[in-house]
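Notes follow once the structure below has been shown.
The figures that follow rest on heavy atoms only: side chains count, while hydrogens, waters and symmetry mates do not. Here the structure is a predicted model, which is why all the values come from computation and not from measurement. Each chain gets a letter, A, B and so on, in the order the sequences are listed, and its residues count up from 1.
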2 protein chains.
Amino acid sequence: MKNDESSSGTTTLNQVASAAGVSPATVSRFLNGTAKVSDEKRRTIERVIEELNYKPNRLAQSLKMGSTRTIGVLTQSLESGYFNRAMVGIEDAVKESGYALLIMSGHWHADEEAERVELLIGRRVDGVAILTGNMSDRQILDFSRRVPIVAFGRKVAGERVLSFGLDNYRGACEAVDFLVEQGHRRIAMITGPADHEDARARLAGYRDTLAKHRIEVDPNLTVPGDFQESGGLLAVNQLLASNQRFTAIFAGNDLTAYGARLALYRRSIRVPDDISIVGFDDLHSSMYTTPPLTTVRQPLYEVGTNIGRMMLTMLGHGQPGMDMPPLSLIVRESVRRI
Amino acid sequence: MKNDESSSGTTTLNQVASAAGVSPATVSRFLNGTAKVSDEKRRTIERVIEELNYKPNRLAQSLKMGSTRTIGVLTQSLESGYFNRAMVGIEDAVKESGYALLIMSGHWHADEEAERVELLIGRRVDGVAILTGNMSDRQILDFSRRVPIVAFGRKVAGERVLSFGLDNYRGACEAVDFLVEQGHRRIAMITGPADHEDARARLAGYRDTLAKHRIEVDPNLTVPGDFQESGGLLAVNQLLASNQRFTAIFAGNDLTAYGARLALYRRSIRVPDDISIVGFDDLHSSMYTTPPLTTVRQPLYEVGTNIGRMMLTMLGHGQPGMDMPPLSLIVRESVRRI
DNA sequence: TTGAAAGCGGTACCAG
DNA sequence: CTGGTACCGCTTTCAA
C-alpha cells in the first residue's frame, strides 16, 4: 500500500496531491510558480494545503536541487563579542534570500578548523565564510575547490575564494598619532599573539608611527599580550615591575585594554589622569567601561554584511561590489592630554 | 547512460560501488558497519573510497533516515554574552554525538521567534532548544507536537517538552542578604523589563529579603531598567536626580550594573567607597570591570550542557538526569562594608 | 495545462 | 555475506 494516507505526523506533497486529486507535479508547480496552474486546481490545492497544514520538506528539496540554502560559518568562538558582531552582519545580509547560517567554532586551532569545515561541507552548505583562524591559505585554497569560500582577515586568491581584511596597520597608526598629538611620548604597547597577522600589523603601525614622530622605539615598552584580558593584566604588571616610565598604553585590542585597566586600578593608578589607554576593536562594552575607552573602531557588523553579500554574489544572487567603512578612531575618555 | 561515471565534482556511493565492483548495499553496509563484509571486498572498498575521496552526502542520509542530526537553537541575539555562553554548553554537550546546531535569533520578539522556530522545523531539525524569549507557553506546546523541545527559563510541561529554569528569586535573596550583612539598609534596585519572568523574580527576592530584615521597602528606591547598560545609566541618573539617599544598588543584571557604574563615575561617585553595587549573571567581563563586580553567578555553561543532555535524552541517546549547580553569589570588589 | 516517471544519494528489506 | 530494489519527498523533463 502506498503510505500516502498514513497519519505519519508530517504531510508530504504526495499526500496533498492525492487529496487534491492532482498529480504531485502540479502541486510542485503551484508551490514554485514554475508553470501555470488552472484556477480551479489552484484553489483546491490551496485549500488542501491549508487543511493538511502542509510544509515542504526542505531536505528533499535540497537533495533534489543540489542546494541547501545554508551557508556555513567558521568562527573561532561562539562567545566572542568580536566575531559575533560580524555574524550578525552575515545573517542580516543573507536571511532575506532565504539562507540560514550553520555555525561551527574552530577555537583558534588549525586542525579543529579544518575538521569543522569538513563537517560543514559534509552537510552540503552552499558556501562557507571563514572568520580568520589559523588554517593556512593553502588549506583554504584546497577547500575552495569543493565549496565557494569567502574569508575575512586574510588574503587568499582563487577561482572560488574571495577574501578581504581591514587595514590594521593604518588603524594602529591613527591610534598612536592621536596619543602623540595629545603630548604622549613614552607610549607602551601590549601586543597580540606574535603569529597573529593583525597583531603584527598593529605592532608595525605602532613602531612606524613613533619613528615618524622621531620618538625612540624603546623595546622595553613593548610587552607581549594574548588578546585576552588576562594578558593585558599581566603585561601591565610586568611593565610596572620593570620600572619603565610611560604615560600611555596602546593595547593590542579592547580585551587587552580591559585587563590593563584593571591592573592599573589595582595599584590605584588613575586612567586617564596618570596613564592613558587606547584600545583596538571597539567592542560594544567599551562604551561602558570606566572611563569609556578610546579605541580604534573595527566596523565588524559591516564586515559581516559584506561577507554575506560577497557570498551571495558567488552563489549567483545579487551584484558584486563591497562597501566597507574604514577603521576610525573613536575618542572617548581614556586618554588625557599632557 | 547511468551517470555514475561522470566527473561531477562530488563522488557518490553508487560510483564507489561500481568502481569497487560491488553493490551499493555493500558499500553502505561497510560504511555503517550494519553487517559483515568480507575482508576482500572491504579492502577494495576502502581503497576506492580513498582514491575517489568519497564523503557520504548527509542530506541524502537525512532524507532517508528521517534525522538530520541537527538541533535548532532559538536564541535571542547572536551577540549576547548571556545566551552565547549557554550555546557553547549546548554545543559541547551534543557534538560528541554528531549533532550540529542551527542557530536562529528571535530578538525578543514573539512573532519573530515563532517564525524562526517554523524555519527550524522546515529544515527538519531533530529538536529545538529555546532560550527564554517572549512566546507563550501555549505556542511552545503547539510546536512541541511537531518537534521535541527543551526550553530554558520557563515552565512548560508536555509529552515532548522539557523545561527548566534557575531560581532567580533565591539568587536575588542572596545578593540582598549579602548587602544587608555588609551593613547596607538603603538599597536601591534597578529592575529588568516588567514583563520578564526573571526580572520579576529578582524584584520579588529583593523586596522579600528587605522585609525579612525588617527594612522598609521604599518604592522610590526601585527604578526601572531594561537589562541593558543604557537602562542602568538612566536609572541611576533618575535615582540621583530625585535625591534619594542610598548606599547600595542591586542591579537587575550585569549589563545594568555596568551602566549604573558609569553613571556614578560621571558624577565622581566612587564604587564601592561611596556606593556599592551588586549585579546578576556574572558575565565573563564582570571579572574585569573596575572594580570587579560582585554578582550572582548564573551557571550558564552548565545550563547549556544540561539543555544538550536533555535534548539527547529525548532523542534517544544518553540517559536522563540533570545536574545543575545552584546560583551563587560571587563576591568581588564592588561592595563595601559600612 | 497536466500527468507519468526518472532520479537526487543514500539505506534497508528481501532473497539467495 | 551479498545483490537487487523500493523508497525518503521533491523537482523536472517528456509527452500528451
Side-chain angles (χ1 to χ4, degrees), chain A residues 1-6 8-45 48-49 52-69 98 121-124 126, chain B residues 1-6 8-45 48-49 52-69 98 121-124 126:
Chain A
M1 135 189 168
K2 301 179 74 173
N3 77 341
D4 282 6
E5 311 301 331
S6 81
S8 58
T10 36
T11 318
T12 73
L13 179 144
N14 279 295
Q15 292 172 30
V16 173
S18 60
V22 300
S23 81
T26 304
V27 179
S28 172
R29 286 191 273 253
F30 163 73
L31 251 21
N32 307 304
T34 317
K36 285 239 129 53
V37 175
S38 73
D39 273 7
E40 186 193 338
K41 297 195 189 281
R42 140 173 275 121
R43 260 189 297 279
T44 42
I45 293 177
V48 174
I49 285 183
L52 271 48
N53 188 28
Y54 167 73
K55 307 270 200 268
N57 184 333
R58 304 258 340 222
L59 236 53
Q61 290 182 150
S62 297
L63 179 58
K64 181 64 190 177
M65 324 254 353
S67 157
T68 51
R69 289 249 153 188
I121 296 180
R123 282 170 176 269
R124 294 299 189 274
D126 293 347
Chain B
M1 134 189 167
K2 301 180 73 170
N3 77 342
D4 281 6
E5 311 300 331
S6 81
S8 60
T10 35
T11 317
T12 74
L13 179 144
N14 279 294
Q15 291 172 30
V16 173
S18 59
V22 301
S23 82
T26 303
V27 179
S28 172
R29 285 190 275 252
F30 163 73
L31 252 20
N32 308 304
T34 317
K36 284 241 128 50
V37 174
S38 72
D39 274 7
E40 187 194 337
K41 296 193 189 285
R42 139 172 276 121
R43 259 188 298 279
T44 41
I45 293 178
V48 173
I49 286 183
L52 272 48
N53 187 29
Y54 166 74
K55 308 269 201 275
N57 184 335
R58 306 254 343 219
L59 236 52
Q61 291 182 150
S62 296
L63 179 59
K64 179 65 188 177
M65 324 255 351
S67 158
T68 51
R69 289 249 153 187
I121 296 179
R123 282 171 177 268
R124 293 300 189 273
D126 293 347

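- A donor-acceptor contact under 3.5 Å is not formed by the side chain of B:Lys64 with the base of C:dG9.
- Summarising the geometry of B:Ser67 relative to B:Asp126, their closest heavy-atom pair is OG-OD2, 2.8 Å, with the distance given to 0.1 Å.
- Residues of residues 20-29 of chain A that place a heavy atom closer than 4.0 Å to DNA chain D, in numerical order, are A:Ala25, A:Ser28, A:Arg29.
- When rounded to the nearest whole Å, the span between CG of A:Leu63 and C1' of D:dC7 equals 12 Å.
- Bending across the helix from C:dT1-D:dA16 to C:dG16-D:dC1, expressed as the angle between its end axes from five pairs apiece, amounts to 40° (10° rounding).
- Remark: A:Gln61 is in phosphate contact with D:dT11, judged by side-chain N or O atoms under 4.0 Å from OP1 or OP2.
- A:Leu31 and A:Leu13 make their closest contact through CD2-CD1, 4.1 Å (heavy atoms, listed as atom of the first residue, atom of the second, distance).
- Across all their heavy atoms, B:Ala17 and B:Ser23 have their closest contact at CB-C, 3.8 Å.
- Residue A:Gln15 contributes atom CD, which lies 8 Å from atom P of D:dG9 at whole-angstrom precision.
- Between A:Arg69 atom CZ and D:dC10 atom P there is a gap of 17 Å when expressed in whole angstrom units.
- The minimum heavy-atom distance between A:Leu59 and B:Arg124, with the atom names listed, is CD2-CB, 4.4 Å.
- Going from atom CG of B:Asn14 over to atom C1' of C:dG10 covers 8 Å, rounded to whole Å.
- A heavy-atom distance below 4.5 Å is not found between the side chains of A:Thr11 and A:Ile49.
- The side chain of A:Asn32 contributes an N or O atom lying less than 4.0 Å from OP1 or OP2 of D:dT11.
- Between the CZ atom of B:Arg123 and the C1' atom of D:dG9 there is a distance of 16 Å, given to the nearest Å.
- With rounding to the nearest 0.5 angstrom, the OG1 atom of B:Thr10 is 10.0 Å from the OH atom of B:Tyr54.
- Near DNA chain D, defined here as any heavy-atom distance below 4.0 Å, the residues from residues 36-45 of chain B are B:Lys36, B:Val37, B:Ser38, B:Lys41, listed numerically.
- To the nearest 0.5 Å, atom CZ of residue B:Arg29 and atom CD1 of residue B:Ile45 are 9.5 Å apart.
- Within the 4.5 Å cutoff, no side-chain heavy atoms of A:Val37 are placed close to those of A:Val22.
- Listed here is the closest heavy atom pair of B:Arg58 and B:Arg69: NH2-CB, 3.2 Å.
- To the nearest angstrom, P of D:dG9 lies 14 Å from CG of B:Leu59.
- Nucleic acid contact class of A:Phe30 (heavy atoms, under 4.0 Å, all strands): none.
- Rounded to whole Å, atom C1' of D:dC7 lies 16 Å from atom CG of A:Leu13.
- Of the two residues contacting DNA chain D, namely A:Leu31 and B:Ala35, the nearest-nucleotide position lying further toward the 5' end is that of B:Ala35.
- Residue A:Ala19 comes nearest to A:Val48 through the heavy atom pair CB-CG1, 3.7 Å, listed as atom of the first residue, atom of the second, then distance.
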